[in-house]
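Structure first, commentary second.
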Amino acid sequence: MKQQETVPPGPRVLAVVNQKGGVGKTTTAISLASALALLGKRVLLLDLDPQGNTTGGFGVDKAALPATVYDWLLGSADPEAILRTTDIKHLSLLPSNRDLVGAELELVGLEHREYLLSDRLRTVTPAYDFVFIDCPPSLGLLTVNALTAADGVLIPIQCEYFALEGVSELLSTIDRVRQNLNPNLEILGIIATMWDERTNLSRQVHEDIRSYFADKLFSVVVPRNVRLGEAPSYGKPIFLYDSRSRGAEAYLAIARELLARVTPVPEPATPGGLS
């Protein structure tokens with residue numbers, strides 16, 4: 001069995017990434033952040049997607065926000081001015097809306113533009129055990145900033161046709177960031193989403209994902225679940241909308257598996273008298 005990694009001190013910063021839309025990326029970010037908070041971890045969820053779906057998923061009126069991640073990134077607002085509590089204890093949100101579209105253009109002319117998010121997070125992260133970054137469905141500067149700031153990447157992949165389409169481009173981007181910007185970046189896990197046990201296609205695609213990513217694939221799959229799809233329209237994470245749903249059970253199990261992956265294994269006790 002592969003030995004568990006040694007975890008560096010401080011919070012784990014995890015980017016939830018897939019440049020394909022509709023793969024369950026935002027659902028994964030919201031659900032895992034919520035699950036870890038329910039397990040007692042202090043969690044910050046950062047909405048880095050200009051669509052603001054993570055923000056809306058907590059019932060926040062995106063259009064009415066006086067300041068967002070955009071203002072924080074560009075230096076016109078302190079994090080305290082935009083940080084919001086949620087209905088889940090230990091879980092906080094840095095919200096976003098369409099204003100963030102402008103950040104891609106404004107970042108281009110800045111020096112060290114790839115490190116902007118990393119620099120901003122330094123003043124925020126000490127208060128948390130985990131920081132989740134919901135990335136936009138693209139491989140632009142916002143996603144590169146997230147990968148530069150993160151130490152781990154979580155990639156949701158749907159168990160549907162063309163599931164692995166574009167994955168090589170994403171992996172190439174991760175590798176370039178690792179080589180040039182963030183040598184500590186690693187792929188922490190692959191999450192199979194939209195699993196339909198009734199179809200041979202889901203089973204075949206899941207096997208393809210497993211053969212491609214081996215032990216990076218989480219053992220629990222996220223089923224195609226109506227309740228997961230309904231929860232955002234009510235402005236609630238799945239655990240507040242239907243905690244007994246199959247989707248909620250799956251994400252809670254994945255959260256426990258994630259904790260096992262990032263928790264260091266204790267060194268074996270040294271026999272008395274030996275060094």
Would you kindly confirm whether [X] and [Y] end up in one hydrophobic cluster when ILVMFWY residues are joined by side chain heavy atoms under 4.5 Å apart?
| X | Y | result |
| --- | --- | --- |
| Val17 | Tyr251 | no |
| Ile190 | Leu154 | no |
| Leu100 | Val144 | no |
| Ile238 | Val60 | yes |
| Phe58 | Leu228 | yes |

Between [X] and [Y] (side chain of the first, backbone of the second, donor and acceptor by atom type, cut-off under 3.5 Å), is there such a pair?
| X | Y | value |
| --- | --- | --- |
| Arg113 | Asn145 | no |
| Ser76 | Asp71 | yes |
| Asp242 | Arg227 | no |
| Ser172 | Ser168 | no |
| Arg84 | Leu93 | no |
| Arg120 | Trp72 | yes |
| Ser202 | Asp196 | yes |
| Glu114 | Thr148 | no |
| Lys62 | Gln51 | yes |
| Asp129 | Arg42 | yes |

remark   = The residue among Val153, Leu258, Asp151 that forms side-chain contact (heavy atoms from CB on, under 4.5 Å) with Leu188 is Leu258
Quick one: closest heavy-atom pair of [X] and [Y], and the distance?
| X | Y | result |
| --- | --- | --- |
| Pro237 | Ala231 | C-CB, 4.4 Å |
| Glu230 | Tyr241 | OE1-OH, 2.7 Å |
| Ser96 | Asp47 | CB-O, 3.1 Å |
| Ala255 | Ala35 | CB-CB, 3.6 Å |
| Thr123 | Pro79 | OG1-CG, 4.5 Å |
| Ala250 | Val222 | CB-CA, 4.1 Å |

Is the closest side-chain heavy-atom distance between [X] and [Y] below 4.5 Å?
| X | Y | result |
| --- | --- | --- |
| Tyr212 | Ile157 | no |
| Leu14 | Leu32 | no |
| Leu181 | Leu147 | no |
| Phe213 | Leu164 | yes |
| Ser92 | Leu44 | yes |
| Ile174 | Ile155 | yes |
| Thr27 | Thr193 | no |
| Pro137 | Asp49 | yes |

Separation between [atom1] of [X] and [atom2] of [Y], rounded to the nearest 0.5 Å:
| X | Y | atom1 | atom2 | answer |
| --- | --- | --- | --- | --- |
| Glu111 | Leu116 | CD | CG | 12.5 Å |
| Gln158 | Asn18 | CD | CG | 7.0 Å |
| Ser34 | Leu45 | OG | CG | 7.5 Å |
| Ile30 | Asp134 | CD1 | CG | 7.0 Å |
| Ile133 | Leu94 | CD1 | CG | 10.0 Å |
| Leu259 | Arg12 | CG | CZ | 11.0 Å |

ask   = Is the count of non-hydrogen atoms from other residues, nucleotides or ligands lying under 6.0 Å from Arg203 atom CZ greater than 12?
value = yes
key: Atom CG of Asp175: over 12 foreign heavy atoms under 6.0 Å   = yes
task = Might you work through the side-chain contact (heavy atoms from CB on, under 4.5 Å) test for Leu117 and Leu48, ending with a clear yes or no?
result = CA-CA 10 Å; Leu117 178 59; Leu48 202 64; 4.0 Å; yes
inquiry  = Testing the 3.5 Å rule here: is there a donor-acceptor pair between the side chains of Thr26 and Asn53?
reply    = no
message = Looking only at side-chain N and O atoms, does Glu257 offer a donor or acceptor that is under 3.5 Å from a partner on Ser219?
response = yes
query = What do the steps show when you test Thr55 against Leu65 for side-chain contact (heavy atoms from CB on, under 4.5 Å), and what is the final call?
reply = CA-CA 10 Å; Thr55 301; Leu65 289 169; 4.2 Å; yes
ask   = So Leu217 and His206, side-chain contact (heavy atoms from CB on, under 4.5 Å) or not? Walk me through it.
value = CA-CA 10 Å; Leu217 179 64; His206 189 255; 3.7 Å; yes
key: Trace of the side-chain contact (heavy atoms from CB on, under 4.5 Å) decision for Val262 with Phe130   = CA-CA 11 Å; Val262 301; Phe130 286 88; 3.9 Å; yes
key: Salt bridge present between Arg246 and Glu249 (N-O < 4.0 angstrom)   = no
